[in-house]
Student: 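Please read through the structure below; I'll follow up with questions.
In what follows, every heavy atom counts, from backbone to side chain, and hydrogens, waters and symmetry copies are set aside.
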Amino acid sequence: MNLSDLAKNSHMLRGSLAKKGYMRWWHSFSGKCPETGEIRTFFIEFFIINPGLGSNVPILGQHPYFRKRGMKPSYVMIKAGSFPDRNGEGGVQLHAFYPLSALQATGSPLIMQVQGAPAEHCRAGNCLYSEDKLTGFVEVTPEEARHRSYMTDSGFMEWNVEIRKAVSCHTGNWCKKIMQTLCSLDSYWHGEGIRSFFRGSVTLNGTVYEVEPESSYGYADKHWGRNFNRPWFQFACGKLESQRTDRELRHSVLAINGFCPRFLCFPLRSRLMLQLTYMGEDLEFTRCKWETKETGRRFVWHILAQNQNTVVKISGSCNKAEMLNLQYETPEGRKPKQPLRAGSGGIGSIQLFRKNSGARELMDTLTLGSALCIYRGEAPLPR
């Protein structure tokens, strides 16, 4: 449902999850170079892993020194970068690692800031997160990027953007305290800004991009838990064009997130959380069927979802060449064998039906563009 919950967005890991868990606050948005007209989609993320194991240095799980001693990762990571363009070029992700002692955080509404020098492999400015602003920079040299334990490319990115989060996706009962106490999910999700408007500027490797609210197609959410979802599936789009009105819809957005419930220690069938805000009307769906098809060049998703009054049929796809292999390690310090691909070139369509006396009446067909796609299949993690 479209319900803001700043307390959920500010929640920090406690108990056993503090020593075996992660949190990630994700933001993505588009900007345009005024000189060339080039449009790029950027991402900025605050990622915290195993905060209860923190020390005065970032503990990198892939570093030989820490692996040899059996130490689990513990750090604050700033991830910033840009997705590949239509030709599969220009994709980059930059990492700066800070010790937990460098993090300063408030309550609700959440404000986070990392200050001081990060790990010796890179340079980064004082990176700030708040509900309405992001600032900072990250720089990694080619020599530093050769270290596999840093999981980073080389480059420079600086950002200063304001955010207005217009539509939220509250996941309701699945994120209640009792569900987290029972470890009902490996990973929890809250979409505080599934439709967000960004304004400001980004500098990527010397090129300045201007970010305007109406063309930013911004997205912001949070994941947290003891492990990443398998499969990991997200699909979100704020660029919807109506065939009925023949125009782009400003107050409409689609957000889909996969999750893997469990009963005691036994995993159950993967499910989807889906919210469609259509011309200001919020439609929530809990009954969803979906399938993934993989071709040589694309991932394709077909989804059928319904509630008491509405049915939606969604077809979406993303070109693999436009997807970046996002690098993470698990709270156990392992790197999944199967890549986590992410891109912003998703396309597709939505057919929206109203149920009327047992029949379906087509209300509208929406065309999707510039959709955020994040996907990893169901292959098991390495042991």
Student: Using side chain to side chain donor-acceptor pair (under 3.5 Å), reason through Thr277 and Asp282 one step at a time and then give a plain yes or no.
Tutor: CA-CA 4 Å; Thr277 297; Asp282 302 310; 2.8 Å; yes
Student: Determine whether a donor-acceptor pair (N or O, by modelled atom type, separation under 3.5 Å) exists between the side chain of Lys79 and the backbone of Tyr328.
Tutor: no
Student: Please report the interatomic distance CD(Glu131) to OG(Ser196), rounded to the nearest 0.5 Å.
Tutor: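 One finds 9.5 Å between CD of Glu131 and OG of Ser196.
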Student: If you measure only the distance, is there a donor-acceptor pair under 3.5 Å linking the side chains of His223 and Asn229?
Tutor: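 There is no such pair (donor and acceptor under 3.5 Å, judged by atom type) between the side chains of His223 and Asn229.
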Student: Using the six-membered ring of Phe228, assess whether NZ or CZ of Arg24 lies under 6.0 Å from its centre and within 45 degrees of the ring axis.
Tutor: no
Student: Between Phe42 and Tyr209, is the ring centroid distance below 6.0 Å?
Tutor: yes
Student: Hey, are the side chains of Leu240 and Leu368 touching, using non-hydrogen atoms and a 4.5 Å cut-off?
Tutor: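 A side-chain contact exists here, since the closest heavy-atom pair is under 4.5 Å.
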Student: Write down the atom of Cys237, the atom of Gly369, and the distance for their closest heavy-atom approach.
Tutor: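 That closest heavy-atom pairing would be SG-O, 3.2 Å.
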Student: State, yes or no, whether a side-chain contact exists between Phe46 and Cys127 at a heavy-atom distance under 4.5 Å.
Tutor: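 Result yes, sub-4.5 Å side-chain heavy-atom pair found.
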Student: Could you measure the distance from the CG atom of Leu134 to the CD1 atom of Ile78? Nearest 0.5 Å is fine.
Tutor: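 Reported to 0.5 Å precision, the distance equals 9.5 Å.
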Student: When you check the gap from the basic side-chain N to the acidic O, do Glu294 and Lys320 get nearer than 4.0 Å?
Tutor: yes
Student: Measure the spacing between NZ of Lys72 and CG of Asn50 and express it to the nearest 0.5 Å.
Tutor: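 Lys72 NZ to Asn50 CG: 6.5 Å, rounded to 0.5 Å.
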Student: Please determine whether the number of non-hydrogen atoms from other residues, nucleotides or ligands lying under 6.0 Å from atom CZ of Arg86 exceeds 12.
Tutor: no
